Amino acid sequence: MVNSPYLDGLNPPQRQAVETLNGPVLILAGAGTGKTKALISRLAHLLYTNTASPGQILAVTFTNKAAAEMKHRVSALLGGQSVEGWWIGTFHSLAARMLRRHAELVGLRSNFTIIDDDDQVRLIKQVFELQGIDAKTVNPRMVLGIIDKWKNAGIMPDNIPVFAAGEAPQNLTGSQLGDIYKQYQARLLTLNACDFSDLLLHLVNIFRDPQNGVLAQYHARYTHIMVDEYQDTNTIQYQWLRLLAQAKHNVCCVGDDDQSIYSWRGANIQNILNFEKDFPEAVVIRLEQNYRSTKPILAAANGLIAHNTGRLGKNLWTEMDSQELVRISVTMDQSDEARSVAEEIENIQRKGVSLDNMAVLVRASSQMRAFEERFNIFGIPYRVIGGPRFYERMEIRDAMAYFRLVNQQDDDLAFERIINTPKRGLGAKTISDLQQAARKMHRPLFTAVEFLIQTDEIKPSPRLTLQKFVGDIQRWKEASTTLSIKDFAAAVLEESGYVDMWRNDKSIEAAGRLDNLKELINAMSQFDTLAAFLDHVALVMENSERSEDARVTLMTLHAAKGLEYEYVFLPGWEEGLFPNQRSMDDSGLQGLEEERRLAYVGLTRAKHKAMISYALRRQIYGEFSDTVPSRFIEELPADTVNDERQKIKSNWGFASTTVTSQTGWNNWGQKKWGSKAPLTIDMDAIEIPNNSDFKIGQRVFHEKFGYGKVTSIDEDKLDVSFEKSGHKKVLDRFVKAA
DNA sequence: AATACCTGGGTTTTT
DNA sequence: CCCAGGTATT
């Protein structure tokens, strides 16, 4: 065999996973067991042994990050060789690439637009209007959610489920929903566009039609298929895979049923079981040695996930001993929680640990604000992953609409978005006239307008404006083929008056928006064609914000999958928040178990130390409510945790009190959580500190805020007027008498 | 047609 | 509480 450095340092099951090149392979790989390493080594092995050439390998990942990582590592393994053009990518990006070649088979043209969720909503609202459905009584997003679920399950408009009377969601009838779905799809075709889920749905439909011979082409092309994060595949993705793999059966899927956290998006753990059914000769390999976390962390995670039923079963182990247990702590409220995390971050940093090695993983993005605020006060640099995204900003979407319309004139959504942005004096009336005319002509808006401006149908003033607009688009279209992408973009934004619109805007955000537009133009320079750039934005949608300096990472648990950090903070472990109430209401025990898997994912991100916390009160929609600690805390084996609440208990010595939970999250919607019986909270475990030893007017010292005078006292909360930091509400245990 | 107020709904998670 | 979208007002 050829030199094979990638085989060094693999443990026996990893090595088996790498060397079993032919036939179906299912790798059940626990967190931190080196599955990516195995997958990448396997890809290298396929090449080194001449089992497959790059063009014959299809490597599918779930996230763009994972795809980028795989490309990067494969390239490194091959001595820096470029992997450009290899079939490594997410389900959606690979599907888009394929669909562009066969678009006409489903009634699209190859330059079809992939619309974002903002446009989806706008489109569905238009469909509502056509059907006389009031968008105020029926939530468009909900309906889109239903349609998307169907799409992810491979359900076409003509075979949607039958709803019993009154059973259909959103107070619509089943036939109404079917009509909406149908019209939505029809509108998409008219716009020469598709939504995200369509990429796979269309392709599966193409594959299923033997007449066109497309599937046979791909069967001949791809000899080996690999899939990462297999537990997160949904039905349509699975169908796509199975169709592609059914000829040669050389398919290798890597997954962990304990990390399945996307069932809400249609992911189906059953796919793991289906795999063994569809490919009965599959070799199943388990990777169980964890190279990431210490024994206490792993024991805590194992103990927690053991509460789930219906697992495939896995026994993760590690050789890494540690005295550092999983810390559990409690704070007064979320800002207190954020402060305590910030302080701990500074403590860890003082020990010489880089901020890059620390992460705060939250259940819901609404939790992030408190941390961002506190990090800003403390001056702790942080990066947010998965927050408001660059490409979702208004100015970026506007700019993109210009580019989209230049690329593809049937894109009415783009047309509508920019026709009067910046203001060109075209009011709602004119625009709705145009829409009506276009509808009558059965033409996209742009084509209709192209025609109308040659007639006297439109009044002189809007006519002139539209003539200019149409001329601009046509000219830019020309420019897009002659100029560099960057110059083209700059020209469009400048000549359209869009940049000027923000230059003339005196609001505070205007400068930031201009910066973002500059950044957009810069980002575009990496692309050869406009189409390539548009695809990138539609499919990747992520901030490529790469900063040199060390930062704490703040993100959701979902976004954290696949990542690892030395120190991991897990705040907000409260009933209702985590496990999330809606998840449990919607999906019952299944929902709870998915939440638990999410907790498992969180814990197993930590290499050295995990720190769980919760707040006694949390503000939801501006209102404070009392919380109950997450059941997951109880589920952690006692010998794996360092429960700091115990210390508080001995310090304050309080009796147990029965609290009837009337507050909780019941202001959130109409739902009340869990309150079958009054909840008994062990007040020993919760800090209600002694009455303050402080008196009004007393001079005190606070670590962060310095010296000040107490102005009022409310139980344990002091109002202090600090000499340097001004008036603050602080907890008495954070100040000393001075 | 452009601005200023107001209301109601939202926060689970994302390719 | 905070935002987007809608309505009222100019």
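So that the names make sense, note that chain A is the first sequence line, chain B the second, and so on, each numbered from 1. Computation of the quantities below employed the complete heavy-atom set of this structure, encompassing side-chain atoms and omitting hydrogens, waters and symmetry-equivalent molecules. Computed from a predicted model, the values in this text were never measured in an experiment.
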Parallel, tilted or perpendicular: ring planes of A/Phe375 versus A/Tyr382, cut at 30 and 60 degrees: tilted
Aromatic plane relationship, A/Tyr222 with A/Tyr218 - under 30° parallel, 30 to 60° tilted, over 60° perpendicular: parallel
[X] near the nucleic acid: base, sugar-phosphate alone, or nothing, with a heavy-atom cut-off under 4.0 Å?
{"X": "A/Tyr262", "value": "sugar-phosphate"}
{"X": "A/Arg597", "value": "nothing"}
{"X": "A/Ile114", "value": "nothing"}

Protein-nucleotide distance ([X], atom [atom1]; [N], atom [atom2]), rounded to Å:
{"X": "A/Lys151", "N": "B/dT15", "atom1": "NZ", "atom2": "P", "value": "18 Å"}
{"X": "A/Asp134", "N": "C/dG5", "atom1": "CG", "atom2": "P", "value": "16 Å"}
{"X": "A/Trp264", "N": "B/dT14", "atom1": "CH2", "atom2": "P", "value": "6 Å"}
{"X": "A/Glu595", "N": "B/dT11", "atom1": "CD", "atom2": "P", "value": "16 Å"}
{"X": "A/Arg141", "N": "C/dA4", "atom1": "CZ", "atom2": "P", "value": "11 Å"}
{"X": "A/Glu593", "N": "B/dT13", "atom1": "CD", "atom2": "P", "value": "22 Å"}
{"X": "A/Leu577", "N": "B/dT13", "atom1": "CG", "atom2": "P", "value": "11 Å"}
{"X": "A/Leu539", "N": "B/dT15", "atom1": "CG", "atom2": "P", "value": "11 Å"}

Closest approach to the side chain of [X], judged atom by atom: which nucleotide of [options] is it?
{"X": "A/Arg369", "options": "B/dT14, C/dC2, B/dA2", "value": "C/dC2"}
{"X": "A/Thr556", "options": "B/dT15, B/dT14, C/dC1", "value": "B/dT14"}
{"X": "A/Asn139", "options": "B/dT13, B/dA2, B/dG10", "value": "B/dG10"}
{"X": "A/Phe196", "options": "C/dC1, B/dT15, B/dG10", "value": "B/dT15"}
{"X": "A/Ser366", "options": "B/dT11, B/dA2, B/dT14", "value": "B/dT11"}
{"X": "A/His92", "options": "B/dT14, B/dT15, C/dC2", "value": "B/dT15"}
{"X": "A/Arg265", "options": "B/dT13, B/dT15, B/dA2", "value": "B/dT15"}
{"X": "A/Gln619", "options": "B/dT14, B/dT15, C/dC1", "value": "C/dC1"}

N or O in side chain of A/Asn152 less than 4.0 angstrom from B/dT15 OP1/OP2: no
Phosphate contact (B/dT14 OP1 or OP2) by A/Thr63 side-chain N/O below 4.0 Å: no
Residue pair A/Asp195 / A/Ser197, side-chain donor-acceptor N/O under 3.5 Å: no
Distance-only polar pair, side chains of A/Asp412 and A/Gln435, donor-acceptor under 3.5 Å: no
C/dA4 and B/dT13, which share atom name P, separated by this distance in whole Å: 16 Å
4.5 Å side-chain heavy-atom contact, A/Gln185 and A/Lys151: yes
Nearest atoms (heavy-atom pairs only) where A/Arg122 meets A/Leu413: NH2-O, 2.8 Å
First encountered from the 5' end of DNA chain B, between A/Lys423 and A/Ser197: A/Lys423
